[in-house]
Amino acid sequence: MRSKLTKYGIGLLMLIMTVMLSGCSSSMMVLDPKGPIGADQRDLIVISTILCAVVLVPVIILTAWIVWRYRDKPDNKAAYKPTWSHNTKAEITWWAIPIIVIGVLGVITVKYTYALEPSKPLESDKKPLVIQATSLDWKWLFTYPEEGIATVNYIKIPEDRPIKFQLTSDAPMNSFWIPQLGGQMYTMSGMNMTLFLQADEPGSYYGSGANFSGPNFADMRFQVDATSDDDFSKWVSEVKSGPTALTLDGYEKLAEPSSSAVQTFNSFPDGLYDKIVNKYVVGEGHHHGSEEK
Amino acid sequence: MWGNLESFSDFFVTGDPLILGAQVSIALAMVAIVLVLTIFKKWGWLWREWLTTVDHKRVGIMYIIASIMMLFRGGVDALLMRVQLAMPDTNFLHAEHYNAIFTTHGVIMILFMAMPLMFGLFNIAVPLQIGARDVAYPFLNSLSFWLFFFGAMLFNVSFVIGGSPDAGWVAYPPLSELSHSPGVGQNFYIWGIQISGIGSLATGINFVVTILKMRAPGMKLMKMPMFTWSVLSSCLMILFAFPILTVTMALLFLDRFMGAHFFTLDAGGNPMMYINMIWMWGHPEVYIVVVPAFGIFSEVVATFSRKKLFGYTSMVFAMIGIAVMSFFTWAHHFFTMGSGADVNAFFAVSTMIIAIPTGVKIFNWLFTMFRGRIRFTTPMMWTIAFIPCFVVGGMTGVLLSVAPADFQFHNSYFLIAHFHQVLIGGVAFGYFAGLYYWWPKMFGFALNEHLGKWAFWLWNIGFYVCFMPQYFLGLDGMTRRLYTYDFDMGWGPLNMISTVGGFLMGAGFLFQVWQIAHSIRFFKRAKGDHWDGRTLEWSIPSPAPLYNFATEPVVNDVDDWWETKQKLAKGEKLAPKPALQPIHMPKNSSIPFIMSVFWFGAGFGFVWDWLWMAIPSMVGVAVCMIARSFTYDDDYYIPVDEIERTEKAAALKEASI
């Protein structure tokens, strides 16, 4: 009976593997980066996977072999040593193997941790473009301080130029993630975080909030369009000549819990981002005291 | 008096057909239980034999029954989520409902399924393995169980009364604060965890003392069975980790109840402090549940390879190493908080270091099987399946610990796949192995192996079908806790496959229930030494008599029972057993049950802000404690003739197999 079950099991596993592998043939975002940070992170993922596989694959093969070789069958001729339970050399070996692998991986990790520190400026002869991203319930507000424009759930960036994202939140913590450009960073109220990213080629990239923030969390997606410098400048002037400005009242309304479609604003109040970051600084004083129950 | 209730529907959750169905089935089940108990006149039996028992074996059985019920509830939650994600456009679950379900799924599976199943196995096996007559504090043990039980019930009641919490299983503020979760759901979360948490801490203390003070003569620390070692490490972690959880929950409660500002956005509160604190508990917590599974694998692998456990000393040090290191890795849950490269580098490396002792343990299990004779019983099959599953899960864990790479994995389905792989492949597989292994010892009959193997294959195949696609979904940018996604993201097919896998595991669970029902119906008595075991629990009848050991065993070796059998086989004479003596036993007590009912009342009162209910209930708790302090008549002796009768009856049964 067992062998029949085993056969079914193995057959099913094979089938699954086939389906899965065919499912993966389309490229996955994280493994298909379009910027230097994403590319470094992809490399790091590949390196660490290979390092782990060096231990993983032999261990799995060894497991299969041992389980087969030493199965309890009357005609099994393999050695049986019921009291063999200690061998200093062997044990030193398998303390050493993981120590070496983890040692190597540890060194690589530490090196990359400093190299890919998100607030570290990217090397480029172009001045970074600053975009301030604020996570609200349940939408993303982007302000371009140098261009003086604002958008909701959408950004356009020039290709091949570092983008300095400044991140904060005026709602429960979220996380700012554009998988094809590089890893994420939390957006937290009262904090101003910095994340440098860059797109190497024009394209439309998926971005989302990656940390759960309440009922309409699933709507916190945004599109990132990377274009040429010219197209970017054109877009900025188009937005600037648009009909709507973001006022302080308008911001208060935007910040109320709800979902939002894509919006663009030809201007936004001076120092809006700093105001959001400093909203909860104690001593600023208007909102002190306990909440109503 | 009903202050914050404006209408009936504020109290009872109404309007959702799924929840209505659950309410009706709960009501029917309760009526059925009451009817059966009344018709068969079993109320007295239930009270005397179970609700007031302080016997570690019965407490263990109650833990296990409760945890299997919770596995069902948590599993149904999981399948509801999988159905929604397979058909994201159908609005099978709306956002709030989905959020509540992933929250309760997480809390229930960790705190009300894994923890009690683990405590159940502690209770069943540890006193028997170390040759003790009970745990160190039998009364406290019973109290621990009832606190867990009523804490779990308080948490569970939220989905029909008042509404479930929906801020995620670790309930990050400010989402879990009054400002964003004004309902009572989050209060149920806090009080359910607090009340059962007292029980967990007490169990931790109880087993540390039991293991350190109550071992049979001759059982030095380094002669303890490996499962007992794992329980000791796990309980030491509980002692250090659970107080952190208690404090965190207490501060969150003060924020919500008294308007304090520990974790609020305004008035100087800091939500990031909560995130640090919850993971200072949360990370050791996963090792608290997985280390005993390592202990179970060690017992099972030696027994069913008919060979001594390889590298005993290495195993002990590896386990202690894991226990210590588990307290220095918490920040890897939020590399993306931007603490800077120094902090991230430290926590990345400290996390990776845990892979070293874990890897050593894997090699030691493999080399226990090497040159052994492997029997493919159900406990052993779960153990063998665990090795590749946990190695892969551990490896993806190492990938996650590479801080800059984690920026791409964090909060994605890659993470979801990883922790389910270690928690199912490690913890669930381990506890199933333990449950199958000790089942004959608990109940005196064996489980049907054939049905057990069907359950095993369904669970295993289902596991890979369910969770392997999720790694790829994560790499394709799918984040956790999404109740819906656009069709053009291309996540549909993999989600569909994953859902199929979820249902295969569900079918595996049904086979396990069938297996248990079938084995009760076609009762086959199990021998005392059902598996040809190695440790002391197999030297006594199944089920173990009330007093466990008629005479105190004397231990010479790590696998003492195995060595004894070897000596007998060689025809050597054993040292004569000492004469029977009256056995000192603890008396049953109704105080743990009653006190826990009061705790439930207090919790329920605080949940609704009903001080008229909370304060008298707390007084009730205090009265119970005082009553216990003045209970002097709490022990008795089992006379020698009764021990003789019990032992003879057991010997007759054993001979009849």
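The chains referred to below are lettered A, B, ... by the order of the sequence lines, with proteins before strands, and numbering in each begins at 1. A quick note: this is a predicted structure, and the numbers were derived from the prediction, not measured.
Contacts between B/S305 and chain A at a heavy-atom distance below 4.5 Å involve the backbone alone (N, CA, C, O). Of the atoms belonging to A/L116, heavy atoms from both backbone and side chain fall under 4.5 Å from chain B. At a 4.5 Å heavy-atom cutoff, the contact between A/T63 and chain B is made by backbone and side-chain atoms alike. Using a 4.5 Å cut-off between heavy atoms, B/I387 contacts chain A through its side chain alone, with no backbone atom that close. For a residue to count as touching a neighbouring chain, one of its non-hydrogen atoms must lie under 4.5 Å from one of that chain's; by this rule A/R221 touches chain B with the side chain only. Only the side chain of B/M272 comes within contact range of chain A, with heavy atoms under 4.5 Å apart. Contacts of A/T187 with chain B are absent, with no heavy-atom separation under 4.5 Å from either backbone or side chain. If you measure heavy-atom distances from B/A167 to chain A, the contacts under 4.5 Å come from the backbone alone. Looking at A/L105, both its backbone and its side chain come within 4.5 Å of chain B, counting heavy atoms on both sides. Neither the backbone nor the side chain of A/A115 has a heavy atom closer than 4.5 Å to any heavy atom of chain B. Looking at B/I362, the atoms closer than 4.5 Å to chain A (heavy atoms on both sides) all sit in the side chain, from C-beta outward. Of the atoms belonging to B/D486, heavy atoms from both backbone and side chain fall under 4.5 Å from chain A. Only the side chain of B/F102 comes within contact range of chain A, with at least one heavy atom under 4.5 Å from a heavy atom of that chain. Neither the backbone nor the side chain of B/F346 has a heavy atom closer than 4.5 Å to any heavy atom of chain A. With a 4.5 angstrom heavy-atom cutoff, B/L458 does not touch chain A via any of its atoms. Heavy atoms closer than 4.5 Å to chain B are found in the side chain of A/I60, but not in its backbone. Heavy atoms closer than 4.5 Å to chain B are found in the side chain of A/Y206, but not in its backbone. The contact between A/E91 and chain B is made entirely by side chain atoms (from C-beta outward), counting heavy-atom distances below 4.5 Å. Both the backbone and the side chain of A/M185 come within less than 4.5 Å of a heavy atom in chain B. Contacts of A/W95 with chain B are made by both backbone and side-chain atoms, with heavy-atom separations under 4.5 Å. Heavy atoms closer than 4.5 Å to chain A are found in the backbone of B/D166, but not in its side chain. For B/Y172, the part lying under 4.5 angstrom from a heavy atom of chain A is the side chain only. Using a 4.5 Å cut-off between heavy atoms, A/D32 does not touch chain B at all.
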Discussion item. Could you walk me through whether A/H86 and B/F310 satisfy the side-chain contact (heavy atoms from CB on, under 4.5 Å) test, starting with their C-alpha distance in whole Å, then the side-chain angles of each, then the deciding distance to 0.1 Å, before giving a yes or no?
Written reply: CA-CA 6 Å; A/H86 179 67; B/F310 199 90; 5.6 Å; no
Item to complete: Just do the side-chain contact (heavy atoms from CB on, under 4.5 Å) check on A/S85 and B/L309 with the steps written out, would you?
Response: CA-CA 6 Å; A/S85 65; B/L309 182 67; over 6 Å; no
Fill in: Derivation and outcome, side-chain contact (heavy atoms from CB on, under 4.5 Å), residues A/W94 and B/N364
CA-CA 9 Å; A/W94 55 72; B/N364 278 334; 3.1 Å; yes
Fill in: Working for side-chain contact (heavy atoms from CB on, under 4.5 Å), residues B/M369 and A/R71
CA-CA 9 Å; B/M369 291 191 276; A/R71 68 200 187 284; over 6 Å; no
Item to complete: Let me see the working for B/W169 and A/F212 under ring pair (Phe, Tyr, Trp, His ring centres under 6.0 Å), right down to the final yes or no.
Response: CA-CA 11 Å; B/W169 85 275; A/F212 177 65; over 10 Å; no
Item to complete: Please test A/Y186 against B/H410 for ring pair (Phe, Tyr, Trp, His ring centres under 6.0 Å), starting from the C-alpha separation and ending with a verdict.
Response: CA-CA 10 Å; A/Y186 284 162; B/H410 187 63; 5.4 Å; yes
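The residues B/D266 and A/K279 are annotated as not salt-bridged, no charged nitrogen and carboxylate oxygen being separated by less than 4.0 angstrom.
The shortest distance between side-chain heavy atoms of B/F376 and A/V67 falls below 4.5 Å. Using a 4.5 Å cut-off on side-chain heavy atoms (C-beta onward), A/Y80 and B/R371 make no contact. You'll find the side chain of A/L62 reaches within 4.5 Å of the side chain of B/F367, heavy atoms only. Side-chain atoms of A/T113 and B/D342, non-hydrogen and from C-beta on, never get closer than 4.5 Å to each other. Using a 4.5 Å cut-off on side-chain heavy atoms (C-beta onward), A/W84 and B/K307 make contact. Contact check for A/T109 versus B/V349: no side-chain heavy atoms found under the 4.5 Å cut-off. A/T93 has its side chain out of reach of B/F363: every pair of non-hydrogen atoms, C-beta onward, lies at least 4.5 Å apart. In this structure, B/R306 and A/D72 have side chains that are in contact, with non-hydrogen atoms separated by less than 4.5 Å.
Options B/M380, B/M489, B/R480 differ in how many heavy-atom pairs under 4.5 Å they form with chain A, and the most are formed by B/M489. Contact count against chain A (heavy-atom pairs under 4.5 Å) is highest for B/G340 among B/G340, B/S181, B/G394. Between chain A and the options B/L366, B/T479, B/V360, the largest number of non-hydrogen pairs under 4.5 Å is found for B/V360. For chain A, the option among B/A345, B/P404, B/G501 with the highest count of heavy-atom pairs below 4.5 Å is B/P404. By number of non-hydrogen pairs under 4.5 angstrom with chain B, the leading residue of A/M29, A/M193, A/M191, A/K120 is A/M29. Ranking B/A95, B/G359, B/P174 against chain A, the residue ahead of the rest is B/P174, based on heavy-atom pairs under 4.5 Å. By number of non-hydrogen pairs under 4.5 angstrom with chain B, the leading residue of A/G106, A/P257, A/A79 is A/A79. Ranked by heavy-atom pairs shorter than 4.5 Å toward chain B, the options A/P215, A/S48, A/P82 are led by A/P82.
Rounding to the nearest 0.5 Å places CG of A/L195 at 8.5 Å from CZ of B/F407. The distance from atom CG of B/N344 to atom OH of A/Y114, rounded to the nearest 0.5 Å, is 9.5 Å. Rounding to the nearest 0.5 angstrom, the gap separating the OG1 atom in A/T49 from the CG atom in B/L399 is 4.5 Å. Atoms CZ and CG, from B/F472 and A/L31 in turn, are 9.0 Å apart once rounded to the nearest 0.5 Å. Here A/M188 contributes atom CE and B/N270 contributes atom CG; the two are 9.5 Å apart, rounded to the nearest 0.5 Å. One finds the CG atom of A/L44 at 10.5 Å from the CG atom of B/D406 (value rounded to the nearest 0.5 Å).
In this structure, A/Q41 contributes its side chain and B/A405 its backbone to no donor-acceptor pair below 3.5 Å. Judged by distance alone, with hydrogens and angles left aside, the side-chain atoms of B/N411 form a donor-acceptor pair with the main-chain N or O of A/A210 at under 3.5 Å. Here the side chain of B/Q408 pairs no donor or acceptor atom with the backbone of A/V30 at under 3.5 angstrom.
Among all heavy-atom pairs drawn from A/S189 and B/L265, the shortest one is OG-CD2, 2.8 Å.
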